[in-house]
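One structure is given here, and the rest of the page talks about it.
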Number of protein chains: 2
Amino acid sequence: MYLRALTSLADDGTTTCSSEELAASAGVNSAKLRKDLSYLGSYGTRGVGYDVEYLRYQIAREIGVTQDWPVVIVGIGNLGHALANYSGFRSRGFRVVALLDADRDRTGETVAGLDVRAFEDLESIVADNDVSIGVIATPAVAAQSVADRMVAAGITSILNFAPTVLSVPDGVDVRKVDLSIELQILAYHEQRKSVSSEVVS
Amino acid sequence: MYLRALTSLADDGTTTCSSEELAASAGVNSAKLRKDLSYLGSYGTRGVGYDVEYLRYQIAREIGVTQDWPVVIVGIGNLGHALANYSGFRSRGFRVVALLDADRDRTGETVAGLDVRAFEDLESIVADNDVSIGVIATPAVAAQSVADRMVAAGITSILNFAPTVLSVPDGVDVRKVDLSIELQILAYHEQRKSVSSEVVS
DNA sequence: GACGTTTTGTTCTCCCGTTCACAAACTCCT
DNA sequence: AGGAGTTTGTGAACGGGAGAACAAAACGTC
Ligand SMILES: NC(=O)c1ccc[n+]([C@@H]2O[C@H](COP(=O)([O-])OP(=O)(O)OC[C@H]3O[C@@H](n4cnc5c(N)ncnc54)[C@H](O)[C@@H]3O)[C@@H](O)[C@H]2O)c1
Ligand SMILES: NC(=O)c1ccc[n+]([C@@H]2O[C@H](COP(=O)([O-])OP(=O)(O)OC[C@H]3O[C@@H](n4cnc5c(N)ncnc54)[C@H](O)[C@@H]3O)[C@@H](O)[C@H]2O)c1
């Protein structure tokens, strides 16, 4: 989030910023921001603030997005199409090297300038491109088996969009994005709002 | 997550489950699960476990997804199309009542059986359908102004996909889904893995 | 009806992230 | 050069979530 805020400040032509300003753009408390940054090193100047470009680079280096990370996307349906077409990944240090789908009808289709390839090609693509990050956008029932194949092929980080809990060996990271649950959380708070207003009225 | 795990168990024909089993399907610790459920009430039976269907209904009721929540999606680009076509929302208590876009070329297009309508129609759609949840899938530059319009129209919960911090009045909930940050988190751990293995070798 | 077994509900403790608050460090002005 | 003003970096206090552990409750068996 700080990286994003800094990039945005740099685009606006800002060269220097205080922890207060940066915290405001990132939407957090300034003390938290300073403590977070202090774990990376002492990149600020007391009485002055932080150099936007310098700090931006330091954070990018710490995260590891100064290099380009190759990524494969498996499951080129509704969501897979959107992800493949998204330009924001490229500009933030990620490069989609392959789109894979089990459906023979989709194989050969071209999405965002890339051919959709057969799921069987996973192993060779991962090996050839040194891919360590995989995205799962298949239906939930297929997700675990896709994850297993990914892990066997050498992928060690998975971003999962399917609404299912994946089990993977130690050493493999999984993050999941669950849009239905996000909506349900909103609905819960929404319900509580209307309940409490009913009590008032 | 528990709701999803219970639905999945119910689909498998399971009628009763222990906290241990349910925790395993949800991917959490069983003590945590029991404590979480205890906030809702005492729905289990000691020595037996939980009745799957009964507990499922109780959680759904608590969250507020026994009723259908009307939702509007603004920004029918790559991501908006995917969201509109997603059937999982409907089955989890949400109903997409309108798709809105500022681009006149998109207006009139039909996506997932719904006409894409002009962004100007927001106020009347929200009022007519009693919409309280809005999804933002526009570019980042437009997100804040869309959010402002939503709030003015009466929406009080926003799910934001644009990579930007939204500021909204008190009483309005915002949740954001940031896919680039998810990938960056994976990349960070990935980088640390390779650094530590280099030290070993 | 008493006893052993199973499983929940809850207490207690630990740990970690967040925030406050302030000393240290830097700049600028006189 | 020195003092006033500003802003960082960090020690200390706070709060809350997570897990271990156990008492209470239900069930089955004899
Ligand atoms: N579309 C959304 O907006 C959205 C929102 C939330 C969650 N999701 C989740 O994301 C996932 C994908 O959603 P979608 O709408 O794109 O579904 P989809 O059905 O449109 O696409 C799924 C794709 O995966 C492919 N596939 C199926 N099994 C496969 C396998 N074993 N190996 C490789 N590819 C396989 C299918 O051929 C298809 O192209 C689902 O799990 C869904 O629940 C989607
Ligand atoms: N596509 C993805 O997979 C993906 C991934 C991560 C994040 N995002 C984010 O989601 C958002 C949408 O991404 P996308 O790829 O669908 O972009 P897109 O450009 O394909 O679609 C954006 C849509 O929003 C509409 N729009 C623009 N300004 C508007 C306004 N003021 N009011 C209403 N509609 C307006 C445009 O006409 C367009 O149809 C972006 O902020 C993007 O950063 C997308």
Side-chain angles (χ1 to χ4, degrees), chain A residues 1-3 5-6 9-10 14-59 62-63 165 167 170 173-176 178 181-182 184-185 188-189 192, chain B residues 1-3 5-6 9-10 14-59 61-63 165 170 173-176 178 181-182 184-185 188-189 192:
Chain A
M1 284 161 35
Y2 304 149
L3 181 58
L6 285 166
L9 285 174
T14 314
T15 59
T16 279
C17 71
S18 69
S19 64
E20 208 72 50
E21 295 171 272
L22 186 52
S25 353
V28 299
N29 180 290
S30 68
K32 172 164 159 39
L33 176 133
R34 289 199 299 278
K35 180 159 283 188
D36 286 344
L37 294 186
S38 77
Y39 289 117
L40 310 185
S42 206
Y43 296 134
T45 310
R46 297 176 187 213
V48 178
Y50 299 93
D51 181 283
V52 171
E53 192 49 46
Y54 179 63
L55 183 58
R56 203 195 63 74
Y57 175 75
Q58 294 300 334
I59 293 181
E62 180 73 21
I63 295 178
V165 177
S167 69
D170 284 356
D173 285 313
V174 174
R175 293 192 66 86
K176 74 161 189 283
D178 198 318
I181 285 188
E182 296 298 327
Q184 288 180 347
I185 293 170
Y188 170 70
H189 290 296
R192 292 189 61 122
Chain B
M1 284 162 35
Y2 303 149
L3 180 59
L6 285 165
L9 284 174
T14 313
T15 59
T16 279
C17 72
S18 68
S19 64
E20 207 72 49
E21 295 170 272
L22 185 51
S25 355
V28 301
N29 180 288
S30 69
K32 172 164 160 41
L33 175 133
R34 289 199 300 277
K35 184 175 286 186
D36 288 344
L37 295 186
S38 76
Y39 289 117
L40 310 186
S42 207
Y43 296 133
T45 311
R46 299 179 186 211
V48 178
Y50 300 93
D51 181 283
V52 171
E53 193 49 48
Y54 180 62
L55 182 59
R56 203 196 63 75
Y57 175 75
Q58 294 300 335
I59 293 180
R61 191 179 50 76
E62 179 74 22
I63 295 178
V165 177
D170 284 356
D173 285 313
V174 174
R175 294 192 64 88
K176 74 160 189 282
D178 198 318
I181 285 188
E182 296 298 326
Q184 288 180 347
I185 293 170
Y188 170 70
H189 290 296
R192 292 188 61 120

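Note on naming: letters A, B, ... go to the chains in the order of the sequence lines (proteins, then strands), and numbering restarts at 1 for each one.
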From A:Tyr188 OH over to B:Glu62 CD, what is the distance, rounded to the nearest 0.5 angstrom? 5.0 Å
Got a second to check how far A:Tyr2's OH is from A:Leu22's CG, nearest 0.5 Å? 7.5 Å
Using distance only, find each side-chain donor-acceptor pair of residues 45-52 of chain A under 3.5 Å and give its atom names and separation, not counting sequence neighbours.
unit_1	atom_1	unit_2	atom_2	d
A:Asp51	OD1	A:Glu53	N	3.2
A:Asp51	OD1	A:Tyr54	N	2.9

What is the distance, rounded to the nearest whole Å, between atom CG of A:Leu33 and atom P of D:dT8? 9 Å
Strictly below 4.0 Å: does B:Lys32 bring a side-chain N or O up to OP1 or OP2 of D:dA18? yes
Under the salt bridge (charged side-chain N to carboxylate O under 4.0 Å, His left out) test, which residues partner A:Glu21, sequence neighbours left out? none
Partner set under salt bridge (charged side-chain N to carboxylate O under 4.0 Å, His left out) for B:Lys32, not counting sequence neighbours: B:Asp36
Do the side chains of A:Leu40 and A:Leu55 get nearer than 4.5 Å, heavy atoms only? no
Quantified as the angle between the terminal helix axes (five pairs each), what is the overall bend of the helix from C:dG1-D:dC30 to C:dT30-D:dA1 to 10 degrees? 0°
Upstream residue (5' side of DNA chain D) when B:Asn29 and A:Gly44 are each assigned their closest nucleotide: A:Gly44
Counterpart residues, side chain to side chain contact (heavy atoms under 4.5 Å, CB included), relative to B:Gln184 (two or more places apart): A:Leu3, A:Ile63, A:Val65, A:Arg92, A:Phe94, B:Ile181
Among all residues two or more places apart in sequence or in another chain, which pass the side chain to side chain contact (heavy atoms under 4.5 Å, CB included) test with A:Ala24? none
Can you give the first and last nucleotides of DNA chain C, 5' to 3', that have an atom under 4.0 Å from a heavy atom of chain B? C:dT6 to C:dC12
Atom pairs under 3.5 Å: protein N/O with N/O of nucleotides 10-14 of chain D:
unit_1	atom_1	unit_2	atom_2	d
D:dG11	O6	A:Lys35	NZ	3.3
D:dA12	N6	A:Lys35	NZ	2.9

Residues that B:Tyr57 engages under side-chain hydrogen bond (donor to acceptor under 3.5 Å, both in side chains), provided they are two or more places apart: none
Sequence neighbours excluded, which residues qualify as side-chain hydrogen bond (donor to acceptor under 3.5 Å, both in side chains) partners of A:Ser19? A:Arg34
